[in-house]
Peer 1: 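Okay, here's the structure, questions in a sec.
Here, residue 1 is the first one in the sequence, and each next residue gets the next number.
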Amino acid sequence: MERAGDGGAMAAALRAAKQRLRGELRQRLRAIGPAEKQRQSRLLGRKVIAHPKYQESKRIAIFLSMPDEVQTEDIIKDIFKQGKECFIPRYKPQSNHMDMLKLSSAEDISSLALTSWNILQPSDDDTAREEALAGGGLDLIFMPGLGFDKKGNRLGRGKGYYDTYLERCMKHPRGKPYTIALAFREQICESVPVTENDVPIDEILYEDC
């Protein structure tokens with residue numbers, strides 16, 4: 001019989017395993033030079049643009065890259081070139097709440113505010129933009145993350161923004177969008193520790209997949 005303390009001990013061990021892996025992945029990411037990041041990002045951009053799920057999707061959410069993430073600029077330009085609708089995250093600090101707000105153009109990015117986390121996003125008083133779930137939902141979400149395994153498990157940065165947002169998507173009449181993670185090959189792990197709250201990714205795109 002499981003003792004009352006066992007669940008807590010298992011949860012603590014899982015948190016510790018995630019923290020160790022985050023530290024290892026941050027080291028791996030620091031070791032990738034700018035030219036290599038750009039090379040893999042361009043290659044992944046081409047994979048995305050040729051992807052059937054991308055081609056058939058009209059309403060797409062995508063992250064604005066931080067320096068240690070696959071660069072999404074080329075994909076965002078293509079979303080507008082193809083006449084699709086583009087949504088980007090606005091993270092609420094000190095919470096796990098995130099909204100996906102509509103961009104009007106690729107150039108619109110230059111009007112966004114830089115947060116204390118060094119992420120560009122619409123400011124809190126920017127109320128004119130459509131939130132994806134207040135309208136027609138989403139067809140596709142491109143997911144960031146620190147690490148991924150080939151089973152679709154994702155290790156985020158520990159805030160839970162995307163898992164919480166996907167739960168909200170499931171309550172939308174359109175249902176859960178298809179999810180694609182964009183990863184450097186150095187971010188692919190043998191195994192990512194997960195809890196029951198972690199939502200698996202439908203597909204992970206990286207150089208060797």
Side-chain angles (χ1 to χ4, degrees), residues 2 6-32 36-37 40-41 43-45 47-48 51-54 57 60-72 75 87-89 91 95-98 100 117 119 132-133 137-172 175-209:
E2 188 184 88
D6 288 352
M10 280 169 64
L14 199 57
R15 278 196 301 274
K18 284 186 171 193
Q19 283 305 102
R20 271 197 306 276
L21 188 54
R22 282 192 184 103
E24 186 189 311
L25 284 159
R26 287 193 175 104
Q27 270 187 313
R28 281 195 219 172
L29 285 165
R30 278 196 292 272
I32 313 172
E36 177 60 12
K37 279 183 188 154
Q40 288 192 45
S41 296
L43 184 144
L44 288 173
K47 276 191 189 236
V48 164
H51 196 290
K53 281 285 182 190
Y54 171 77
S57 294
I60 298 172
I62 190 164
F63 57 96
L64 298 180
S65 316
M66 293 195 290
D68 64 352
E69 292 174 330
V70 169
Q71 301 302 293
T72 56
I75 301 167
F87 297 83
I88 57 162
Y91 306 97
S95 81
N96 61 3
H97 185 87
M98 169 178 81
M100 288 291 185
W117 299 344
I119 296 171
L133 298 181
L138 289 164
D139 300 312
L140 174 61
I141 300 183
F142 286 105
M143 307 276 290
L146 274 178
F148 310 89
D149 67 27
K150 292 177 184 179
K151 294 199 270 310
N153 294 316
R154 166 182 171 270
L155 184 70
R157 291 172 189 268
K159 304 285 188 189
Y161 286 111
Y162 277 85
D163 292 323
T164 307
Y165 193 77
L166 286 171
E167 278 172 33
R168 283 169 59 202
C169 289
M170 288 171 202
K171 293 172 189 155
H172 190 275
K176 180 182 163 289
Y178 195 77
T179 52
I180 296 179
L182 299 176
F184 296 118
R185 65 180 182 197
E186 289 83 357
Q187 292 176 280
I188 305 302
C189 307
E190 192 62 44
S191 173
V192 166
V194 288
T195 67
E196 58 195 20
N197 297 326
D198 295 318
V199 182
I201 310 286
D202 291 313
E203 190 174 347
I204 296 156
L205 284 187
Y206 57 100
E207 182 171 15
D208 309 318
C209 70

Peer 1: Between Ile119 and Met66, what is the shortest heavy-atom contact and its length?
Peer 2: CG1-SD, 3.6 Å
Peer 1: Quick check: are there more than 12 heavy atoms from other residues, nucleotides or ligands sitting under 6.0 Å from NZ of Lys159?
Peer 2: no
Peer 1: Where do Ser65 and Gln71 come nearest, in terms of heavy atoms and distance?
Peer 2: OG-CA, 3.3 Å
Peer 1: Given 3.5 Å as the limit, does a donor-acceptor pair link the side chain of Gln40 with the main chain of Glu207, or not?
Peer 2: no
Peer 1: Identify the two heavy atoms, one from Met100 and one from Ile141, that lie closest to each other, and give their separation to 0.1 Å.
Peer 2: CE-CG2, 4.5 Å
Peer 1: If you round to the nearest 0.5 Å, how far is CD1 of Ile62 from CD1 of Ile75?
Peer 2: 4.5 Å
Peer 1: Can you check whether Tyr165 reaches Leu133 side chain to side chain, under 4.5 Å on heavy atoms?
Peer 2: yes
Peer 1: Are any non-hydrogen side-chain atoms of Ser41 and Val70 less than 4.5 angstrom apart?
Peer 2: yes
Peer 1: Mind checking whether Thr164 and His97 have side chains closer than 4.5 Å, heavy atoms only?
Peer 2: no
Peer 1: Quick one: CG on Leu44 to CG on Leu205, what's the gap to the nearest 0.5 Å?
Peer 2: 6.5 Å
Peer 1: When rounded to the nearest 0.5 angstrom, what is the spacing between CZ in Phe142 and CD1 in Ile201?
Peer 2: 12.0 Å
Peer 1: What's the separation between atom CG in Asp202 and atom CD1 in Ile180, rounded to the nearest 0.5 Å?
Peer 2: 8.0 Å
Peer 1: Report the residues that fulfil side chain to side chain contact (heavy atoms under 4.5 Å, CB included) with Pro144, sequence neighbours left out, ordered by chain and then residue number.
Peer 2: Phe63, Glu69, Tyr162
Peer 1: Please give me the minimum heavy-atom distance between Pro193 and Leu14, naming the atom from each residue.
Peer 2: CB-CD1, 3.7 Å
Peer 1: Decide yes or no for Asp139 and Tyr178: does some side-chain heavy atom of the first lie under 4.5 Å from some side-chain heavy atom of the second?
Peer 2: no
Peer 1: Quick one: CD on Glu203 to CE on Met143, what's the gap to the nearest 0.5 Å?
Peer 2: 13.0 Å
Peer 1: For Met98 versus Arg168, what's the shortest heavy-atom pair and its separation?
Peer 2: O-NH1, 2.7 Å
Peer 1: Looking at side-chain heavy atoms only, is the closest gap between Thr72 and Val48 below 4.5 Å?
Peer 2: no
Peer 1: Salt bridge (Lys or Arg N to Asp or Glu O under 4.0 Å) for Arg28 and Glu24? Distances and angles first, verdict last.
Peer 2: CA-CA 6 Å; Arg28 281 195 219 172; Glu24 186 189 311; 2.8 Å; yes
Peer 1: Can you tell me how far CZ of Arg154 sits from SG of Cys189, rounded to the nearest 0.5 angstrom?
Peer 2: 12.5 Å
Peer 1: Please report the shortest heavy-atom distance between Asp208 and Arg185, naming the atom on each side.
Peer 2: OD2-CD, 3.6 Å
Peer 1: Verify side chain to side chain contact (heavy atoms under 4.5 Å, CB included) between Arg22 and Lys18, making sure each step is shown before the conclusion.
Peer 2: CA-CA 6 Å; Arg22 282 192 184 103; Lys18 284 186 171 193; 3.8 Å; yes
Peer 1: Between Lys150 and Ile188, does the side chain to side chain contact (heavy atoms under 4.5 Å, CB included) criterion hold? Intermediate values first, please.
Peer 2: CA-CA 7 Å; Lys150 292 177 184 179; Ile188 305 302; 4.0 Å; yes
Peer 1: Flag the pair Val199 / Met170 as yes when at least one side-chain heavy-atom distance between them is below 4.5 Å, and no otherwise.
Peer 2: yes
Peer 1: With no hydrogens and no angle check, do the side chains of Arg30 and Gln27 hold a donor and an acceptor under 3.5 Å apart?
Peer 2: no
Peer 1: Checking side chain to side chain contact (heavy atoms under 4.5 Å, CB included) for the pair Leu29/Leu146: CA distance, chi angles, key distance, verdict?
Peer 2: CA-CA 9 Å; Leu29 285 165; Leu146 274 178; 3.8 Å; yes
